[in-house]
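Every heavy atom of this structure was used, including side-chain atoms; hydrogens, water molecules and symmetry mates were not.
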Amino acid sequence: MKYMRPALYGILFSVLFFIDRITKYYVMQYITFHEISPLFSLCYVQNTGISWGIADGCGDIAQYIIMIVVALLIGAILQQTIGKYKKYKNIFPEILVCAGAISNLYDRIFYGGVIDFLSFHYNGWQFPVFNIADMLIVCGIFLICINEIMYHE
């Protein structure tokens, strides 16, 4: 992807952030559980832990530690993003990660945990419930790794 103007990156960040916010708002207001198919459902879950519910329900101290660590990681990613941008490099993957991470941090600050709702399951097996922000983070990290491997950015 070519170098984009700052305003376009800002628009991209805002659109991704608001898509995640809107989907979470909708789920919090209208859905507790809704089966879409035998393999997929919408299921409102509030995750106070980290990935896949690790440390979920460990109390307020753990929640504050998680928020501090996440905020520090976001700061580090933003610093890397600004450095790459100043060198006229593609920061699309970093925008994905930042939009997802900041939206999930917003959940932690204002709701006490991350709002998850996408549930894949089959025959008694269930993948951990996740959200749009999680998908942005995973896709962004994947693209950052690809860039590192292919272009040594």
Side-chain angles (χ1 to χ4, degrees), residues 1-29 31 40-121 126-153:
M1 177 178 274
K2 292 175 86 175
Y3 174 81
M4 294 186 340
R5 295 183 183 270
L8 293 177
Y9 282 123
I11 291 168
L12 176 63
F13 172 89
S14 298
V15 167
L16 295 173
F17 179 83
F18 285 114
I19 287 172
D20 186 61
R21 300 295 341 133
I22 290 166
T23 57
K24 289 175 179 176
Y25 174 81
Y26 180 81
V27 167
M28 289 187 312
Q29 295 299 313
I31 295 176
F40 176 70
S41 60
L42 299 176
C43 177
Y44 174 44
V45 175
Q46 189 169 1
N47 179 4
T48 59
I50 52 177
S51 298
W52 298 348
I54 297 169
D56 194 17
C58 285
D60 289 343
I61 299 294
Q63 187 67 278
Y64 294 130
I65 291 170
I66 291 168
M67 282 192 284
I68 291 167
V69 169
V70 168
L72 291 171
L73 288 170
I74 290 169
I77 292 167
L78 287 172
Q79 185 177 16
Q80 174 189 343
T81 302
I82 291 166
K84 281 181 73 174
Y85 184 79
K86 286 180 178 178
K87 294 177 184 174
Y88 300 99
K89 295 195 177 195
N90 172 26
I91 59 168
F92 175 78
E94 288 82 359
I95 296 296
L96 296 179
V97 174
C98 288
I102 291 171
S103 185
N104 279 347
L105 182 60
Y106 180 98
D107 287 352
R108 290 187 185 285
I109 293 168
F110 291 101
Y111 303 115
V114 174
I115 308 305
D116 290 330
F117 58 90
L118 299 170
S119 176
F120 287 92
H121 43 80
Q126 180 171 345
F127 190 78
V129 182
F130 60 99
N131 60 45
I132 304 293
D134 297 337
M135 293 187 328
L136 294 173
I137 293 167
V138 169
C139 290
I141 290 172
F142 176 76
L143 291 173
I144 289 168
C145 291
I146 295 298
N147 281 343
E148 286 295 324
I149 291 168
M150 295 187 66
Y151 305 111
H152 305 291
E153 290 185 1

Handout entry: With Ile82 via side chain to side chain contact (heavy atoms under 4.5 Å, CB included) - residues at least two apart
Key = Lys86

Completion exercise
dist Ile144:CD1 -> Thr81:OG1 (nearest 0.5 Å) comes out at 7.0 Å

Problem - Within-4.5 Å side-chain heavy-atom neighbours: Phe117 and Ile31 - result: no

Problem - Flag side-chain contact, heavy atom, 4.5 Å: Arg21 against Ile132 - result: no

Exercise for the section: Decide if atom CD of Gln79 counts as having more than 12 heavy atoms of other residues, nucleotides or ligands within a radius under 6.0 Å. Expected result: no

Exercise for the section: Calculate, to the nearest 0.5 Å, the distance between atoms CD1 and CG belonging to Ile66 and Leu105 respectively. Expected result: 11.5 Å

Handout entry: Aromatic ring pairing Tyr106/Phe110, orientation class (parallel under 30°, perpendicular over 60°, tilted between)
Key = tilted

Problem - Pair Asn104, Asn131: side-chain N/O donor-acceptor within cut-off below 3.5 Å - result: yes

Handout entry: Note, Ile115 side chain near Gln46 side chain (heavy atom, < 4.5 Å)
Key = yes

Practice task
State, yes or no, whether a side-chain contact exists between Phe130 and Val138 at a heavy-atom distance under 4.5 Å.
Solution key: no

Exercise for the section: Scan residues 95-106 for pairs that pass salt bridge (Lys or Arg N to Asp or Glu O under 4.0 Å), counting only residues two or more places apart or in two chains. Expected result: none

Handout entry: Side-chain touch Leu8/Leu12, heavy atoms, less than 4.5 angstrom
Key = no

Problem - Met28 vs Tyr111 side-chain heavy atoms within contact, under 4.5 Å - result: yes

Problem - Pairwise side-chain contact, Leu118 with Phe40, heavy-atom cut-off 4.5 Å (strictly under) - result: yes

